[in-house]
Protein chains: 2
Amino acid sequence: MTVGIRHDDLRRRNRAMVLAAVRRSGEPSRTEITAITGLSHSTISAISSDLIAEGILREGRSEPTASKRGRPQVGLQLDPCAAAVLTVVLSLNLLTAAAVDYAGKVLAEETCRLDTLSLPREALIKECIEMVSRRLDDNSLAKHRVLRIAFAVQGTADSHARTMLWTPITPHGDIPFADILEAAFGIPVIVENDCNMMAVALRWRGTDRYRDDFIAVLLSHGIGMGIVLNGELFIGTQSSGGEFGHMIHHPNGALCRCGRHGCVEAYAGNYAIWRNARGFDENTEPAADIPDDEMQALAEKARAGAGPERQAYERAGTALGYSLGSLFAVIDPAPVTFVGIGATAFDLIEPALRRAIAETAGGQHSDSIVFDTEPKEQMLIREGCAMRALTFVDQEIFALGGPTASAPQLLEA
Amino acid sequence: MTVGIRHDDLRRRNRAMVLAAVRRSGEPSRTEITAITGLSHSTISAISSDLIAEGILREGRSEPTASKRGRPQVGLQLDPCAAAVLTVVLSLNLLTAAAVDYAGKVLAEETCRLDTLSLPREALIKECIEMVSRRLDDNSLAKHRVLRIAFAVQGTADSHARTMLWTPITPHGDIPFADILEAAFGIPVIVENDCNMMAVALRWRGTDRYRDDFIAVLLSHGIGMGIVLNGELFIGTQSSGGEFGHMIHHPNGALCRCGRHGCVEAYAGNYAIWRNARGFDENTEPAADIPDDEMQALAEKARAGAGPERQAYERAGTALGYSLGSLFAVIDPAPVTFVGIGATAFDLIEPALRRAIAETAGGQHSDSIVFDTEPKEQMLIREGCAMRALTFVDQEIFALGGPTASAPQLLEA
DNA sequence: AAGCTTTTTTTCGAGCTTCGAAAAAATAAT
DNA sequence: ATTATTTTTTCGAAGCTCGAAAAAAAGCTT
């Protein structure tokens with residue numbers, strides 16, 4: 001099971017440590033890296049000169065910080081040309097892809113609208129392959145080797161992050177996107193849940209609050225969750241974790257899109273809020289998709305005065321509060337960022353949410369639980385994908401060193 | 001944050017790896033350890049001869065396995081005299097302590113009845129100190145150095161596992177048992193939740209099913225939980241995790257011992273089953289403690305035929321099922337062992353439990369979710385404590401090597 | 001019974017890696 | 001121009017793991 005540490009693992013790990021330090025800190029000097037990693041000056045010097053020689057790091061040109069005695073520090077930065085990664089995000093009716101350089105800058109981006117619900121399985125796969133193909137051929141990538149593709153999808157992935165098992169955006173399940181794209185392009189692929197990527201992105205934004213333990217909740221047509229514990233993305237035992245939207249809020253309660261009854265989503269998803277605001281029975285078949293502007297109109301009405309709209313948002317808050325509280329009972333309270341269109345109506349949700357959470361074991365200090373909002377999910381998901389792919393390159397390719405790093409083997413197709 | 005690996009860490013980690021291999025495998029030969037750890041023969045040979053010279057390991061005397069050509073393998077085992085640890089378990093009206101040798105054998109044990117609910121704070125602390133004192137002076141420990149005390153308590157501990165923050169067994173909270181006992185005896189102490197120790201024990205029993213991901217649920221007066229994920233004990237962000245009993249089953253539902261409404265415990269705890277079986281209102285003040293034989297009588301009646309007793313167990317099953325299902329939605333399904341007096345009535349609980357879990361997202365394959373039972377919690381908790389303490393000695397003391405290992409510094413009192 | 005085969009364990013030198021100390025480099029202050 | 005200060009590199013020492021070879025300890029063969 002747990003394997004011993006060999007001698008050559010040492011260098012690999014410490015190289016990865018240096019790369020992580022540079023990726024996190026922006027442009028640290030060798031001395032700063034020494035402080036971050038706890039390794040000696042000599043070691044950092046040796047490793048960083050290797051990495052520079054291999055074209056992975058480079059010395060910073062900017063020298064704005066003067067005014068101190070002594071030899072000035074030279075900042076190290078990631079060499080943007082060292083590699084590139086591709087992010088692909090598949091969500092309801094929308095497919096977007098972006099090329100990102102090794103330093104994390106977006107080189108090019110493309111969005112395309114699809115009718116995902118009605119598209120046949122093979123057509124959907126074809127759209128994805130063509131999108132990747134176009135991005136790879138684009139001349140923004142002329143000078144870069146693409147070393148990783150991160151594919152985010154609303155839904156669940158298998159434990160090896162290779163197959164999309166299930167998704168609400170299409171009736172087709174069990175699509176092995178990793179195998180498909182690797183076969184087509186010979187570049188290693190990872191398949192991830194979109195909410196997990198939101199959490200990864202928040203972690204890299206580097207706010208103090210979002211360092212070790214926090215939660216990202218997507219409030220959209222459905223409800224999703226990404227959890228970071230101890231600074232690591234928490235993926236249950238099958239990498240499909242965070243199906244928060246289907247925790248049971250009320251046994252035998254409202255009808256959920258998933259066919260079950262009483263899920264959180266059946267109270268707090270767009271369709272649920274809409275259903276309640278319009279006065280429909282809570283077992284009415286969920287609407288397929290509700291445009292953002294219609295949701296915003298609903299929120300405006302709720303803000304204008306008491307009525308079914310306001311009550312609908314309160315019910316959503318109550319469901320979210322009890323379920324978050326139940327979750328907090330098990331994993332302990334943590335800061336939460338609400339993401340997506342629902343986050344724009346958080347003012348309507350928050351009072352009931354706080355009231356409910358205060359009545360749970362996890363809400364013992366409910367006042368001190370912090371909530372943030374982030375209306376746009378797309379950018380956050382792309383950011384998370386990019387960081388996920390880039391850290392893979394850091395740890396699994398560039399940390400190895402030697403010829404593999406400078407000219408990595410592509411997968412045999 | 002994450003710190004680099006130094007050169008001397010290497011030996012420390014690999015020594016720990018060897019000790020872990022021996023502790024898990026019983027009596028592996030050097031060759032078997034080579035296979036387990038992935039290290040070379042030379043390394044294992046060097047490390048194990050060091051450990052033998054330091055009196056931590058010894059060569060096995062038993063040589064039953066013959067009948068193979070070639071030089072026979074020599075099994076390595078933990079030297080029982082290398083050290084000892086103490087376990088202390090504090091639960092409702094009961095305090096028990098045991099001395100355990102380095103190989104894991106119980107040397108001596110003592111149980112004492114207390115009225116924990118009414119005992120003043122200082123008297124409770126005094127009882128604990130005296131219990132430890134008696135165990136340490138006992139001549140079963142004459143030849144052993146006691147290197148660690150593990151203190152398990154029903155309730156929550158702080159994130160550093162040093163203070164008991166809250167417990168249902170006494171009104172007194174915030175008792176820094178680790179500081180208190182370390183000051184008195186100069187031996188490092190850890191404070192842990194009892195259900196977490198149950199989970200640790202199951203992990204060490206070594207069934208295949210209880211290796212990487214599983215859950216232990218205590219069904220007793222209260223409901224507790226210990227979770228193992230990826231082979232590691234999962235303690236939320238504050239080490240007080242697993243407050244499963246206070247997940248909300250039904251908003252504004254039955255009155256819980258904790259004062260809130262609708263917790264799982266308010267349906268599935270002993271007092272809740274008793275309350276429902278006796279036909280009391282679900283908001284009736286919870287009974288203080290219900291003797292085991294009375295619960296068993298209740299279960300007998302429920303087995304005899306339909307009636308309020310049977311319904312009470314069904315309600316317990318429903319509450320447990322929905323809540324487990326909700327939890328599974330977030331951490332994915334895992335095998336569960338039910339422990340304690342409630343587990344003896346699992347036949348009464350299971351049907352409703354499976355029905356409820358099948359209606360949740362986590363119960364998608366509810367038939368394949370496996371349940372086991374284990375009626376006696378005390379032994380399991382002690383076992384977990386012992387293993388927790390012993391692995392601490394392995395990793396934090398004996399793995400260091402040098403003079404520290406053979407004559408470790410006790411804490412300065 | 002002596003020699004041969006097989007398997008486990010130890011020994012030994014080579015090759016890395018990290019570390020500390022000292023040297024070199026680069027700048028501000030005097 | 002010289003000195004002080006800080007960063008970075010260089011260099012030798014020490015430690016660890018590894019592979020190959022040797023040693024050890026049995027069963028098997030003739």
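Keep in mind it's a predicted model, so treat the numbers as computed, not measured. Per chain, numbering begins at 1; letters A, B, ... match sequence-line order.
The distance from atom CZ of A:F234 to atom CG of B:L229, rounded to the nearest 0.5 Å, is 5.0 Å. To the nearest 0.5 Å, atoms CD (B:Q395) and CE (B:M17) are separated by 9.0 Å.
Using a 4.0 Å cut-off between charged nitrogen and carboxylate oxygen, A:R30 and A:E59 count as a salt-bridge pair. With respect to B:R11 and B:D8, no salt bridge is recorded, no charged nitrogen being found less than 4.0 Å from a carboxylate O.
Remark: A:R23 is positioned above the aromatic ring of A:Y102, its terminal NZ or CZ atom under 6.0 angstrom from the ring centre and at most 45 degrees off the axis.
Side-chain proximity of A:H7 to the nucleotides C:dC19, D:dG15, D:dT8 is greatest for D:dG15. Among the nucleotides C:dT18, D:dT17, D:dA26, the one closest to the side chain of B:I47 is D:dT17.
Put simply, B:T31 has a side-chain N or O that comes within less than 4.0 Å of OP1 or OP2 on C:dT9. When the side-chain nitrogen and oxygen atoms of A:R30 are compared with OP1 and OP2 of D:dT9, one or more of them lie within a distance under 4.0 Å. The phosphate of D:dT17 has OP1 or OP2 within less than 4.0 Å of a side-chain N or O from B:R11. Checking the phosphate oxygens (OP1, OP2) of C:dA26, no side-chain nitrogen or oxygen of A:R69 falls inside 4.0 Å. One finds no side-chain N or O of A:N14 lying less than 4.0 angstrom from the OP1 or OP2 phosphate oxygen of C:dT17. For C:dT8, the OP1/OP2 oxygens have no side-chain nitrogen or oxygen of B:S29 closer than 4.0 Å. Neither OP1 nor OP2 of D:dT5 sits under 4.0 Å from any side-chain N or O of A:R71.
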Close N or O pairs between protein and nucleotides 11-14 of chain C (under 3.5 Å):
none

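A residue-by-residue look at A:T43 and A:G70 shows that A:T43 has its nearest nucleotide of DNA chain C further toward the 5' end.
Judged purely by atom type and a 3.5 angstrom limit, A:R6 uses its side chain to pair as donor or acceptor with the backbone of B:G38.
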